[in-house]
Amino acid sequence: MSFSNEITSWYNSNKRDLPWRNTTDSYTIWLSEIILQQTRVEQGMPYFYRFLERYPTVADFAAATEDDILKLWQGLGYYSRGRNMLATARLVNEHYKGRFPTQYNELIKLKGVGEYTAAAIASFSANEAKAVVDGNVYRVLARYFGISEPINSPAGKKLFQQTANDVLNMEHPGLHNQAMMELGALVCKPKNPACGICPIKTDCYAFLNNATTQLPQKLKTVKVRERYFHYFLVTNGSEILMNKRGPKDIWANMYDMPMIETSENMNAYEVLNLAESIEYFGHTPQVSEVSGPHKHVLTHQRLNINFIILNSREIKLKQEWFYANEEKLKNLAMPQIIFLFLTNFLN
DNA sequence: AATCCGGGGAT
DNA sequence: ATCCCAGGATT
């Protein structure tokens, strides 16, 4: 039996029952694929259900605001995915009359849709013969063929895409793609792969050469940046002083509180002195309580976050600042660390 | 080619 | 602690 026949046969009897596999609607598949980028199936699943329920069609999605989308996306991370989705939904609604594309060459033009996602949507919704290459596929191919080229080098990306194209089942590309990823997720796992139950172990380079821990190869990871955020909690009766973040940096266009970032750690009083020197509040507030530092670890940054609770009135509001009551807070998309802190603070 | 963009689970 | 997850955009 061929490579593809082995894995698709295995897939048919071992696959998980995942909701986005029960449709060929390209809008629904797009929704699932964007949500699942760099995201585990278990983590993305509840978001998939929520988005599909709230926005059953691309026209519904297109009618949403960015605040709506970011709020529903809250906690999932990589928020540019949500912002790109809105741009794409609006474009599809206008220029494709609400018919979400199914062809690779159209899909690849859309914001937030790269080679992987275009191939996934095209093969799952229309059986177009495009091979997907995601983290699972890199692993399966590297081990099976004994490819030691790093998966994140430009040469490696080309080589793995070419290899995936070569083994693609041209009769059933969608099924084949699903099978490759499912094998990587359930059997050919990063740590402790279940080679004993693998349907292609008898021809697998890594299994035969005891090299599963060496493959795939990956270029060294980038260093983590240390950052120090000092948040100010200012209340005005029942309202909290909030801040809308700018379009750059992390958490673009989301909501947090006024804050000062420093290059080194500082205590609350040093931060207050700094705030006074730059006339951050227009006057000198008083500290009532300090909480932190809270460590918040992201892929490229380690955030050290202090919360400084202030006794203060008559704050001179900057343009991006506003007071929000609890009802208003419910609709604001916040970084998870801010959301959790405020939830705790208000209870 | 390198860096940025989140949050969480597994080991 | 480290790795990695149905990656893509930006510089």
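Just so we're on the same page: letters track the sequence lines, and every chain starts at 1.
Comparing A/Leu110 and A/Glu182 by the nucleotide of DNA chain C whose heavy atom lies nearest to each, the residue mapping closer to the 5' end is A/Glu182. In this structure, A/Pro154 and A/Ser80 both approach DNA chain B, and ranking their closest nucleotides by distance from the 5' end singles out A/Pro154. Each of A/Asn84 and A/Trp20 lies near DNA chain C, and the nucleotide nearest A/Trp20 is the one positioned closer to the 5' end.
The base of C/dC4 sits within donor-acceptor range of the side chain of A/Arg40, with an N or O pair under 3.5 Å. The base of C/dG7 has none of its N or O atoms less than 3.5 Å from a complementary donor or acceptor on the side chain of A/Thr117. No hydrogens or angles were tested; on distance alone, nothing pairs the side chain of A/Glu33 with the base of C/dG7 as donor and acceptor under 3.5 Å.
If you take CG of A/Leu18 and C1' of C/dA6, they are 10 Å apart, rounded to a whole angstrom. In this entry the distance linking CE of A/Met334 with P of B/dG7 reads 13 Å, nearest Å. Distance, A/Leu107 CG to C/dG7 P: 17 Å, rounded to whole Å. Atom CD1 in A/Ile338 sits roughly 14 Å away from atom C1' in B/dG7 (whole-Å rounding). As rounded to whole Å, 13 Å separates atom P of C/dA6 from atom CG of A/Leu183. If you take CE of A/Met45 and P of B/dG9, they are 14 Å apart, rounded to a whole angstrom. In this structure, A/Gln37 atom CD and B/dC5 atom P are separated by 17 Å, rounded to whole Å. We find that CG of A/Asp249 is positioned 10 Å from C1' of B/dC5, with the value rounded to whole Å.
For A/Trp73 and A/Tyr78, the gap between ring centers reaches or exceeds 6.0 Å.
Backbone-only contact: A/Trp251 has heavy atoms under 4.0 Å from sugar-phosphate atoms and none from a base. Looking at heavy-atom distances under 4.0 Å, A/Thr39 makes contact with a base. Residue A/Leu76 is classed as a base contact, given a heavy-atom separation below 4.0 Å to a base. As judged by a 4.0 angstrom heavy-atom cut-off over every strand, A/Gly114 is placed among residues touching the sugar-phosphate backbone only. A/Asn192 comes within 4.0 angstrom of sugar-phosphate atoms only, judged by non-hydrogen atoms across all strands, and of no base.
Across the C1' atoms, C/dC3 and B/dG6 are found 15 Å apart, a figure rounded to whole Å. Using P as the reference atom, B/dA10 and C/dA6 are 12 Å apart when rounded to the nearest Å.
Heavy-atom contacts from other residues, nucleotides or ligands closer than 6.0 Å to CD of A/Glu66 number more than 12. Counting heavy-atom neighbours within 6.0 Å of A/Lys330 NZ, excluding the residue itself, gives a total above 12.
A salt bridge is defined here as a Lys NZ or Arg NE, NH1 or NH2 lying under 4.0 Å from an Asp or Glu carboxylate O, and A/Lys244 with A/Glu320 fails to meet this definition. Ionic pairing of A/Arg245 and A/Asp249 is present here: one or more N-O contacts between side-chain nitrogen and carboxylate oxygen are shorter than 4.0 angstrom.
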task: For the pair A/Lys15 and A/Glu182, evaluate salt bridge (charged side-chain N to carboxylate O under 4.0 Å, His left out) and give the outcome as yes or no after the intermediate values.
output: CA-CA 7 Å; A/Lys15 66 181 173 185; A/Glu182 195 76 333; over 6 Å; no
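Counting only heavy atoms from C-beta on, A/Gln178 has its side chain closest to C/dA6 among C/dA6, B/dG6, C/dC4. If you check C/dC4, B/dG7, B/dC5 against the side chain of A/Leu298, the one that comes closest is B/dG7. Comparing atom distances between the A/Gln301 side chain and each of B/dC5, B/dT11, C/dA6 picks out B/dC5 as nearest. Side-chain proximity of A/His300 to the nucleotides C/dA6, B/dG6, B/dC4 is greatest for B/dC4. Checking C/dC4, B/dG7, C/dA9 against the side-chain heavy atoms of A/Pro190 singles out C/dC4 as nearest. Checking B/dG7, B/dT11, B/dC5 against every side-chain atom of A/His296, the shortest atom distance belongs to B/dG7.
Rounded to the nearest 0.5 angstrom, A/His296 NE2 and A/Arg302 CZ are separated by 13.0 Å.
Less than 4.0 Å separates DNA chain C from at least one heavy atom of each of the following residues of residues 132-153 of chain A: A/Asp134, A/Gly135, A/Asn136, A/Arg139.
Not one side-chain nitrogen or oxygen of A/Gln38 sits closer than 4.0 Å to the OP1 or OP2 atom of B/dC5.
Counting only heavy atoms from C-beta outward, the side chains of A/Leu233 and A/Met257 approach each other to under 4.5 Å. Using a 4.5 Å heavy-atom cutoff, the side chains of A/Asp25 and A/Phe100 are not in contact.
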